[in-house]
Protein chains: 2
Amino acid sequence: MVTLKDVAKRAGVSVSTASYSINGSSLITKETKQKVLLAAKEIGYRTNGPAKNLKEKKTNIIGLFLSGFTGPFFTDMMEGIQDVVIQNGYELMVYASDDKHRLLVERYVDGAIILNYHMEDSFLESIADEKLPCIVLDREMETPFINQVLLPNERGSAMAVHYLLEKGHKRIGYMAGSTESYDGEMRLKGFKKEMQKHNHSFSEKDLLRADFTESSGYLAMFQYIEKHTQNVPTAFICANDEMAMGAIRAIKEKNLKVPDDIAIIGFDDIYVSQHFSPSITTIKVPRKQWGIIAAHSLFKMMDSKYKVETDGAVSIELMSRTSG
Amino acid sequence: MVTLKDVAKRAGVSVSTASYSINGSSLITKETKQKVLLAAKEIGYRTNGPAKNLKEKKTNIIGLFLSGFTGPFFTDMMEGIQDVVIQNGYELMVYASDDKHRLLVERYVDGAIILNYHMEDSFLESIADEKLPCIVLDREMETPFINQVLLPNERGSAMAVHYLLEKGHKRIGYMAGSTESYDGEMRLKGFKKEMQKHNHSFSEKDLLRADFTESSGYLAMFQYIEKHTQNVPTAFICANDEMAMGAIRAIKEKNLKVPDDIAIIGFDDIYVSQHFSPSITTIKVPRKQWGIIAAHSLFKMMDSKYKVETDGAVSIELMSRTSG
DNA sequence: ACATTATATTGAAACGTTTCAATGAAATTA
DNA sequence: TAATTTCATTGAAACGTTTCAATATAATGT
């Protein structure tokens, strides 16, 4: 491996001079600087990142820790994060896992954004500190070096319920995702709360469980209709658009009409939703903005060395289309 | 920051003993080992990754370098890679960028898998070496520490052409993606070649260009029909399923029927393709398998310290459905 | 010509690990 | 009991950087 020492030798200067030159210090004269740079290029010198990190006690890397590379939903968010991270002269490293978190534990990152239900609160508390502030996207936590940037999930569900009640629906069902998802459970909570608020009864048998995928939504709805034929709600709210698509597919297959027999409302407004047939009424979540806010909030924390108020909440809106 | 030195002090042993204990060396007696481990836990010791890397000259991290977090296509592949990487006791770091590649240049990874048209061949040649073998997924390269794992794109297109000709189509159009994509250009090449082979003329005006997204596919097809109304091919092959979906949407909107007026064949077989209406005839690409093969090939190279034949090619097949 | 200041270069220490070689203690052998 | 072997522990060097403090050189002022 070619090191700074080699560069220095070839350029006929000391290691320190070589280092200063490569880092563009103003102390060094132009000529020596060029001499060094040339030597470096000639022998193919490349900085050794870990060594640099060790000395500087920072990596200039931000980590995004997910529980999986799942679905179309997250890529927009990643792009938002990526933009901000690059702007700030850092790199973004995406890491998906369900058990170990070495890159987080071993200080490979200067900051972290977390959306990973596998990580326990206590674990996060133990690793977050001044040198490693964290943003959590999937839980509520109030501790010194951890900040949350959450989606207004409850409000979204409330909007959907309100919208359906206005349209005269009496009995509304709900298709939830897996219980492990914070966003998912909040959406369910918001739904129940709003129903209650309007004195609308909701029986647990109209609560379907799936796992956020299209196929699981299809299956859940198919089985539900099979079992409760002739006695189903006139509308369903689904915890995300993919399940809504699955539900619609099942309904069609059972020779029922959307929205005439059963109206469907989704959540997220992923790209295909407006092109689906029928186009899906849904709660639009600005995913990229979410990522941007999260990343900004992280850098603010890294600057201030302490907890900080997150600026600008994520704003959602109901997109009224044909499915509901 | 709490270091090994602190642990050693608290446990009343030397730094070396602490290090050996934590790494589970058999030299150390059980009691001291426990003493050290306890001390470490008490003061919240965490290994400093960069320091360790510096000393050991390896990071145990594999990097996946993409040009963007785009589309539903790549997540399956990532999962395949991730599985193999974890199995081998490494971590996977995903990194998307269009300019700098610091994490690659500065030896943050022990191996890399590359699918990023922004990286030039010469750049890759300059960084790949014994300590950093690379697998390229988006180009043909024959150099010592670089191995390629490619999709049989040409064959896929040929299969599609063959299938359509069998069905009696005479004039077949093609919707290509952006020219920057290796896979895309190979698919186009395969298409042209097969047409020629069967003595079928193909005029450049039946070649549409889009950028692999649904919306771009929609737009391209919409404009094409608008311009050449009454005089369009009876079938189109699209370089990926997303564009195929867009194309179908445009065709429907122009009050033409798929496949009766225009048949459509896609490429990739992404999840929604079989649930789309109409379901899409397409070339199925086993994405996860692709990732697995790539990762295996990488580790093989890391072991053998030299170029290696990749075992098991990626196998594709044509899924005959209703759109074409 | 000499003292002073400014400028350019360098030696050496430090970052937190790992690991070799050396030491010390205990156990075995003769 | 002395000599030898085994086992556990430790000191010190090394990994490739950065950066402080020190030195060497050139430029300035008197």
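So that the names make sense, note that chain A is the first sequence line, chain B the second, and so on, each numbered from 1.
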Does the separation of the ring centres of Tyr108(A) and Tyr108(B) fall below 6.0 angstrom? no
Please find out if less than 6.0 Å separates the ring center of His101(B) from that of Tyr95(B). no
Without decimals, in angstroms, what is the distance between [X] [atom1] and [N] [atom2]?
| X | N | atom1 | atom2 | answer |
| --- | --- | --- | --- | --- |
| Asn48(A) | dA14(D) | CG | P | 18 Å |
| Asn23(A) | dC20(D) | CG | P | 13 Å |
| Ile22(B) | dT19(C) | CD1 | C1' | 15 Å |
| Asp6(B) | dC15(C) | CG | C1' | 13 Å |
| Lys5(A) | dG11(C) | NZ | C1' | 14 Å |
| Lys55(A) | dT17(D) | NZ | P | 13 Å |
| Leu27(B) | dA22(C) | CG | C1' | 14 Å |
| Lys35(A) | dA8(C) | NZ | C1' | 11 Å |

OP1 or OP2 of [N] under 4.0 Å from side-chain N/O of [X]:
| X | N | answer |
| --- | --- | --- |
| Ser19(B) | dT18(C) | yes |
| Lys52(A) | dG16(D) | no |
| Lys57(B) | dG16(D) | yes |
| Thr17(B) | dA8(D) | no |
| Thr32(B) | dT9(D) | yes |
| Ser14(B) | dT10(D) | yes |
| Ser16(B) | dG11(D) | no |
| Tyr45(B) | dT17(C) | yes |

When we call it a touch if two heavy atoms are under 4.0 Å apart, what does Arg46(B) touch: a base, just sugar-phosphate, or nothing? sugar-phosphate
Can you tell me how far the CD1 atom of Ile146(B) sits from the CD atom of Glu140(B), to the nearest 0.5 Å? 13.5 Å
Those residues at least two apart in sequence (or on a different chain) that pass salt bridge (charged side-chain N to carboxylate O under 4.0 Å, His left out) with Asp268(B) are Arg187(B)
Residue set satisfying side-chain hydrogen bond (donor to acceptor under 3.5 Å, both in side chains) with Glu42(B), at least two apart, ordered chain then number -> Arg10(B)
Per the atom types in the model, does the base of dC20(C) pair as donor or acceptor with the side chain of Tyr20(B) at under 3.5 Å? yes
